[in-house]
Amino acid sequence: MSFGENLKSELNPEQYKAVTTTDGAILIIAGAGSGKTRVITYRIAHMLEKGIPQSQILALTFTNKAAKEMSDRIKELTGRKLQNLTVSTFHAFGVRILRQDIDKLGWRPNFSIYDETDRSALIKETGRELRFTPDALDVYAIGNLFSDIKTGRRNWNGDNDAYRELYEGYQEGLKLYNAVDFDDLIVLPIRLFKEHPEVLQSYKDRYKYIMVDEFQDTSHQQYEMMHLLADKNVAVVGDDDQSIYSWRGADYQNIVNFEKDFPNVTEIRLEQNYRSTETILAAANGVISHNTNRKDKSLWSGNGNGRPIEIYMPENEAAEADFIAESILGICAEEKRKYDEFGVLMRANTQSRAIEESFLENNIPYTISGGMSFFERKEIKDVISYLRVIANHDDDINLLRIINTPRRGIGRSTIEALNKVAADLSVSLWEAMQAIISAPEEQCPVTEATKANIEAFTAIIENNKNMLSGKGLSKKVHALVDEINYFDYLIAEYPKSEKAARFKYMNIESLIKSMEMWENNPEHEDTSLYAYLNRITLLSRDDLDDGEEDKGKVNVMTVHASKGLEFPVVFIAGAEEGLMPHMRALQDGGDVAVEEERRLFYVAVTRAQNRLIISSCLHRRRQQATVECEPSRFLDEIPENLVKYHEPSKELGAEDAHEMLQNMLKNFSRPRVPKL
DNA sequence: CGTCTCCAGGTTTTT
DNA sequence: CCTGGAGACG
């Protein structure tokens with residue numbers, strides 16, 4: 001049976017219209033659980049069946065996970081190989097554009113992509129050169145400021161003007177090191193399109209059908225990128241009630257812009273919810289109706305009432321965690337459910353600690369997304385830094401990370417000398433090293449011994465340039481790790497714990513293993529070092545742990561990470577004032593911020609299919625002190641008749657605490673093997 | 001001049 | 001636990 005024979009019977013009338021309206025500008029308002037993914041994938045499959053070439057279709061998403069899921073499902077539906085269909089995240093699409101034409105903007109195509117850690121390092125580095133006093137440098141806040149400036153969310157004014165010079169230095173640094181930051185991946189393609197209309201035209205000639213998922217989370221830049229590319233056939237799918245990324249520049253007002261910018265927009269609303277019980281949906285509607293300034297919609301479901309929403313008020317976060325663990329065990333037995341049918345949602349990653357403790361104690365398998373990701377681990381970053389420098393010698397930030405790791409006698413003063421040469425000649429550190437190596441002895445600013453150390457380092461990089469071409473990347477990386485004796489370095493670094501050193505070495509082996517799997521995957525045609533580096537910088541936390549490994553495990557995650565997912569049973573932990581809504585958000589956001597926090601709570605509630613269990617602690621440890629907590633204001637917004645309160649149960653004895661902690665530490669930060 | 005040791009602090013959400 | 005910085009030591 002081929003796709004499309006029975007479209008009408010497989011879809012409701014609105015869905016059918018959304019799938020079959022392929023021409024013109026279309027705005028699809030898709031409420032939570034209304035079968036959005038189904039509509040998008042059917043829509044593309046339908047276009048392909050109609051004979052539209054794959055190459056003319058561009059689908060933009062926010063996460064790699066969403067992109068992958070989308071193409072997998074289209075493949076399944078159509079039974080075709082997808083060779084020319086572009087399903088990509090905005091950022092990955094930006095990278096593709098830049099690799100092609102960034103030379104027109106003055107970068108070279110082997111540019112590095114800087115993540116937040118690299119950005120902070122560059123800010124610190126630039127600040128040092130410009131002699132900013134260290135305590136005036138809150139690199140975290142300044143990084144955010146720079147991001148806001150670059151994307152037009154903030155302007156220079158009396159308050160932040162002091163950082164203007166630093167910003168310019170930062171930008172010069174990026175260019176000198178042949179690097180771009182995350183914002184550049186959107187901002188630079190726009191610049192390219194505007195300054196070089198012929199480049200834009202080539203993309204417009206190719207892509208005739210554009211689709212954007214999670215449209216409520218587009219930033220102004222992303223919108224502009226889409227607007228520049230889009231001719232007339234453009235479909236955007238979103239839900240203003242689920243806009244939860246405004247702190248990253250998302251603005252659901254883009255929905256309004258869309259209606260203005262594209263004439264004759266066809267608006268389609270998907271309001272039938274296939275996911276949740278009436279009770280859960282009524283609770284969600286009750287909460288979200290407190291927001292002003294939203295597109296009015298009425299979600300309905302034909303799924304029956306189901307159980308009331310359960311609210312429990314445990315003494316503290318340990319009791320909360322035990323309650324969740326025990327409830328899971330109980331429900332598993334009672335309703336014959338498997339562990340992977342549960343989702344435990346929280347506002348902040350720090351909440352996971354208590355929950356993990358209790359799950360370990362109760363032998364409940366779980367996967368956790370969030371916290372430190374695999375690629376943020378020091379040992380992984382070290383290896384990757386080598387690869388980046390091999391790919392782009394001028395990448396000073398990554399070069400500085402590894403120049404003396406493992407120790408090779410290049411310390412502070414040598415680096416200072418290198419910096420001086422680099423500044424005098426206006427070149428990167430790599431060039432400065434070349435200059436020093438070839439300088440005659442009497443003009444050399446460093447001793448012969450130091451010079452030898454520098455040469456030893458550059459030799460490693462030169463010797464591994466064979467990674468840039470040919471096959472067998474993972475083998476070559478393995479050889480590099482051996483060459484630099486990284487394992488010995490780890491042993492020396494962690495003298496107290498050989499176990500820690502071994503653990504870290506195992507992480508590196510996992511990295512190499514995943515690299516091997518990646519290069520052996522026949523779907524990946526380009527297995528060059530460049531392709532690999534592209535791939536991993538844009539991976540996000542939740543792209544890592546998918547697949548078989550997580551089968552049969554309880555899903556613990558932040559509410560942000562849960563968007564787009566659903567679980568038969570959902571726990572929301574920490575529904576307290578100060579956490580949900582979060583006090584940081586309240587401090588610097590006012591009413592607008594409360595509305596976003598409310599949407600976040602709405603997202604959490606609408607993840608649940610059958611049962612929703614919410615807990616709100618009476619006390620919670622915050623940093624060193626235990627503070628008293630009040631239930632979240634959002635709980636009061638759930639219609640009372642839908643709710644059942646639990647009696648508080650007795651607190652668990654404290655004598656197990658020690659053992660619990662030991663258990664936890666033993667299993668703390670297990671390696672998560674990335675799947676590429 | 002580089003390395004080792006001791007101490008402080010840990011950021012809401014993340015492409 | 002884990003990282004980065006300051007200051008002492010070889």
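Quick caveat, the model's predicted, so the values are computed rather than measured. Every chain is numbered from 1, with letters handed out A, B, ... down the list of sequences.
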> Go through the structure and list residues passing side chain to side chain donor-acceptor pair (under 3.5 Å) with A/Thr450, not counting sequence neighbours.
A/Thr447

> Over how many whole Å does the gap from A/Glu116 atom CD to B/dT11 atom C1' extend?
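Between C1' of B/dT11 and CD of A/Glu116: 12 Å.
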
> Under 4.0 angstrom, heavy atoms only, what part of the nucleic acid is A/Thr414 near: base, sugar-phosphate, or nothing?
sugar-phosphate

> Any pair with a residue in residues 572-587 of chain A that passes salt bridge (Lys or Arg N to Asp or Glu O under 4.0 Å), sequence neighbours left out, goes on the list, sorted by first then second residue, please.
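Found A/Glu576-A/Arg620, A/Glu577-A/Arg633.
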
> Send over the distance from A/Arg128 CZ to C/dG4 P, rounded to a whole Å.
16 Å

> Whole-Å distance between B/dT12 C1' and A/Met583 CE?
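Roughly 11 Å, once rounded to whole Å.
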
> For B/dT14, does OP1 or OP2 lie under 4.0 Å from any side-chain N or O of A/Thr558?
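Yes, because at least one side-chain N or O of A/Thr558 sits under 4.0 Å from OP1 or OP2 of B/dT14.
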
> Using a cut-off of 4.0 Å on non-hydrogen atoms, how would the nucleic acid contact of A/Phe62 be classed: base, sugar-phosphate, or nothing?
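Contact class for A/Phe62: sugar-phosphate only.
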
> Determine the interplanar angle of the A/His91 and A/Phe182 rings, folded into 0 to 90°, and report it as parallel if under 30°, tilted if 30 to 60°, perpendicular if over 60°.
perpendicular

> Taking CZ from A/Arg535 and C1' from B/dT15, how many angstroms apart are they, rounded to a whole number?
14 Å

> Using the test side chain to side chain donor-acceptor pair (under 3.5 Å), find all partners of A/Tyr245 that sit at least two apart in sequence or belong to another chain.
none

> Determine the contact category for A/Phe93: base if any of its heavy atoms lies under 4.0 Å from a base atom, sugar-phosphate if only primed atoms, P, OP1 or OP2 are that close, otherwise nothing.
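Result for A/Phe93 = nothing.
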
> OP1 or OP2 of B/dT12 sitting under 4.0 Å from any side-chain N/O of A/Tyr140?
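The answer is no; no side-chain N or O of A/Tyr140 sits under 4.0 Å from OP1 or OP2.
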
> Taking only residues two or more places apart in sequence, or in another chain, which ones meet A/Phe601 in a ring-ring contact (aromatic ring centres under 6.0 Å, His included)?
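With sequence neighbours excluded, A/Phe601 shows a ring-ring contact (aromatic ring centres under 6.0 Å, His included) to A/Phe634, given in chain and number order.
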
> Return the polar atom pairs (N/O with N/O) between nucleotides 3-7 of chain B and the protein under 3.5 Å, or none.
unit_1 : atom_1 : unit_2   : atom_2 : d
B/dT3  : OP1    : A/Gly409 : N      : 3.3
B/dT3  : OP2    : A/Asn404 : ND2    : 3.0
B/dC4  : OP2    : A/Arg407 : NH1    : 3.0

> Counting only side-chain nitrogens and oxygens, does A/Asn349 get under 4.0 Å of the OP1 or OP2 atom of B/dT13?
yes

> Excluding sequence neighbours, so at least two apart, what forms side chain to side chain donor-acceptor pair (under 3.5 Å) with A/Arg96?
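Side chain to side chain donor-acceptor pair (under 3.5 Å) list for A/Arg96, sorted by chain: empty.
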
> Verify the contact: side-chain N or O of A/Lys563 to OP1 or OP2 of B/dT15, cut-off strictly under 4.0 Å; return yes or no.
no

